[in-house]
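Input: a single structure, listed below in structure tokens.
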Protein chains: 2
Amino acid sequence: MEIFLATISAINDETRVKILRFIDKNGEVCVCDIEKSFEMIQSRISRHLKILKDAGFLRVERRGRWAYYSIRSPLDKFRQNILEEISYLDIKLPILDKGCKNE
Amino acid sequence: MEIFLATISAINDETRVKILRFIDKNGEVCVCDIEKSFEMIQSRISRHLKILKDAGFLRVERRGRWAYYSIRSPLDKFRQNILEEISYLDIKLPILDKGCKNE
DNA sequence: ATTATATATCAAGATATATTGATATATAAG
DNA sequence: CTTATATATCAATATATCTTGATATATAAT
């Protein structure tokens with residue numbers, strides 16, 4: 001039940017649904033990319049990413065100064081269904097805006 | 001997005017997940033049955049049922065004094081997936097205890 | 001009509017979650 | 001070694017949600 005509710009509460013937030021869809025659409029992105037694209041402060045993005053990661057939707061890989069987030073693979077059927085459902089939503093996503101200074 | 005989040009927030013609560021599974025398992029039940037089975041006060045049950053109904057999981061049919069709730073049919077693929085996922089959870093459900101005095 | 005049962009809804013307080021700004025840590029560049 | 005960039009986390013506040021008890025409405029039985 002705890003895992004199920006962690007999964008559900010992770011997507012029970014409009015910002016996180018958008019971030020999740022953004023990563024699903026753009027592939028691997030780092031925190032500053034999302035920060036710049038969404039025009040939200042870093043701590044807010046970082047916190048949402050942690051929740052999505054802990055809920056099993058994302059994986060993170062650190063390279064240099066950067067933390068690259070992407071959809072976790074393999075993804076179980078239920079989370080796949082959720083991603084698919086989100087892809088059907090009529091969401092106005094920001095376009096990817098690289099926010100990192102020296103990549 | 002509003003409909004998606006209403007669906008998700010409806011199942012983002014342990015009590016509602018249990019009630020939903022209870023109805024899925026037992027079929028049509030009235031509010032007093034759930035009240036008695038779950039040993040929760042009526043207003044609490046009633047409120048949760050309304051949320052599950054508004055989120056498209058349940059239908060209600062009034063007969064006499066009673067309001068009978070059951071899984072809405074037909075149910076779209078996404079909500080079916082959610083019900084299926086909930087059915088896999090290891091939940092300790094109460095057994096159906098008919099709470100109505102004169103049915 | 002009066003009383004009992006069933007259900008819904010409201011207002012108040014309790015609890016949980018989100019946002020912000022500040023701080024801490026780590027890597028890389030100069 | 002010092003500075004800039006990237007990220008994570010914490011504490012305070014703001015906002016949303018849940019629970020409870022009270023009240024309102026409707027049906028049925030006496």
Side-chain angles (χ1 to χ4, degrees), chain A residues 1-2 4-20 22-23 28-55 58-70 96-103, chain B residues 1-2 4-20 22-23 28-55 58-70 96-103:
Chain A
M1 176 69 94
E2 293 74 35
F4 176 80
L5 285 179
T7 305
I8 295 304
S9 62
I11 52 166
N12 189 31
D13 179 277
E14 185 163 352
T15 302
R16 282 195 294 272
V17 170
K18 286 182 177 173
I19 291 174
L20 191 55
F22 184 81
I23 296 174
E28 196 182 56
V29 291
C30 65
V31 182
C32 46
D33 293 340
I34 306 178
E35 189 185 346
K36 188 85 184 300
S37 305
F38 280 82
E39 295 178 291
M40 289 178 185
I41 64 174
Q42 181 268 326
S43 66
R44 185 176 171 187
I45 299 293
S46 185
R47 186 178 183 280
H48 284 313
L49 287 170
K50 181 178 166 51
I51 290 169
L52 287 168
K53 177 171 70 69
D54 291 349
L58 300 179
R59 75 190 198 97
V60 59
E61 191 189 333
R62 292 194 144 275
R63 292 202 297 275
R65 278 175 281 177
W66 295 276
Y68 293 92
Y69 283 86
S70 54
L96 179 57
D97 190 350
K98 301 296 285 179
C100 318
K101 297 286 167 61
N102 314 293
E103 199 171 1
Chain B
M1 177 69 97
E2 292 74 35
F4 176 79
L5 285 178
T7 305
I8 295 304
S9 63
I11 51 166
N12 189 32
D13 179 278
E14 186 163 351
T15 302
R16 282 196 294 271
V17 170
K18 285 182 178 173
I19 291 175
L20 192 54
F22 184 80
I23 296 174
E28 196 181 57
V29 290
C30 65
V31 181
C32 46
D33 292 340
I34 305 178
E35 188 185 346
K36 189 86 184 297
S37 304
F38 280 80
E39 294 178 292
M40 289 178 184
I41 63 174
Q42 181 267 325
S43 65
R44 184 175 171 188
I45 300 293
S46 185
R47 185 180 184 278
H48 285 313
L49 287 170
K50 180 178 168 52
I51 291 169
L52 287 168
K53 177 170 71 71
D54 291 349
L58 300 179
R59 73 187 199 99
V60 59
E61 191 189 333
R62 293 194 143 275
R63 290 201 298 273
R65 277 175 283 178
W66 295 276
Y68 292 92
Y69 283 85
S70 53
L96 178 57
D97 190 350
K98 302 295 285 179
C100 318
K101 297 288 167 60
N102 314 291
E103 198 169 0

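Chain letters run A, B, ... following the sequence lines, proteins first and then strands; every chain starts at 1.
The side chain of D13(A) approaches dA18(C) more closely than any other nucleotide in the set dA28(C), dA18(C), dT7(C). Of the candidates dA6(D), dA8(D), dA6(C), dA6(C) carries the atom nearest the R65(B) side chain, counting heavy atoms from C-beta on. With dT7(C), dT5(C), dT7(D) as the candidates, the nucleotide lying closest to the side chain of S46(A) is dT7(D). Nearest nucleotide to the R47(A) side chain, out of dA8(D), dA18(C), dC18(D): dA18(C). Of the candidates dT7(C), dT20(C), dT5(D), dT20(C) carries the atom nearest the S43(A) side chain, counting heavy atoms from C-beta on. Closest to the side chain of Y69(A), out of dT27(C), dA8(D), dT27(D), is dA8(D).
In this structure, I8(A) atom CD1 and dT17(D) atom C1' are separated by 17 Å, rounded to whole Å. We find that NZ of K53(A) is positioned 8 Å from P of dA8(D), with the value rounded to whole Å. Rounding to whole angstrom units, CD1 of residue I34(A) and C1' of dA8(D) are separated by 14 Å. If you take NZ of K50(B) and C1' of dT7(C), they are 13 Å apart, rounded to a whole angstrom. To the nearest angstrom, P of dA8(D) lies 11 Å from CD1 of I45(A). As a whole-Å value, the separation of W66(B) CH2 from dT25(D) C1' is 16 Å. To the nearest angstrom, C1' of dT20(D) lies 17 Å from CD of E39(B). Spacing between atom CG of L49(A) and atom C1' of dA8(D) amounts to 11 Å, rounded to whole angstrom units.
Separating the NZ atom in K53(A) from the NE2 atom in H48(A) is a distance of 15.5 Å, to the nearest 0.5 Å.
Residue whose closest nucleotide on DNA chain C sits further toward the 5' end, between I51(A) and G64(A): I51(A). When each of N12(A) and R63(A) is assigned the nucleotide of DNA chain C with its nearest heavy atom, N12(A) is the one assigned upstream, toward the 5' end. Comparing Q42(A) and I41(B) by the nucleotide of DNA chain D whose heavy atom lies nearest to each, the residue mapping closer to the 5' end is Q42(A).
For the side-chain contact (heavy atoms from CB on, under 4.5 Å) criterion with E35(B), the lone passing option out of M40(B), R44(B), Q42(B) is Q42(B).
The phosphate of dA18(C) has OP1 or OP2 within less than 4.0 Å of a side-chain N or O from R16(A). Residue R44(B) has a polar side-chain atom (N or O) positioned under 4.0 Å from OP1 or OP2 of dT19(D). For H48(B) and dT19(D), the shortest distance from a side-chain N or O to OP1 or OP2 is below 4.0 Å.
When atom types are taken as modelled, the side chain of D54(B) and the backbone of I51(B) share no donor-acceptor pair closer than 3.5 angstrom. The backbone N or O of L49(A) sits nowhere less than 3.5 Å from a side-chain atom of R16(A) that would complete a donor-acceptor pair.
At the heavy-atom level, S9(B) lies nowhere under 4.0 Å from the strands shown.
Classification of E61(B) and R63(B) as a salt-bridged pair holds, one side-chain N sitting under 4.0 Å from a carboxylate O.
Looking at heavy atoms from C-beta onward, I34(A) lies in side-chain contact with I23(A) at the 4.5 angstrom threshold.
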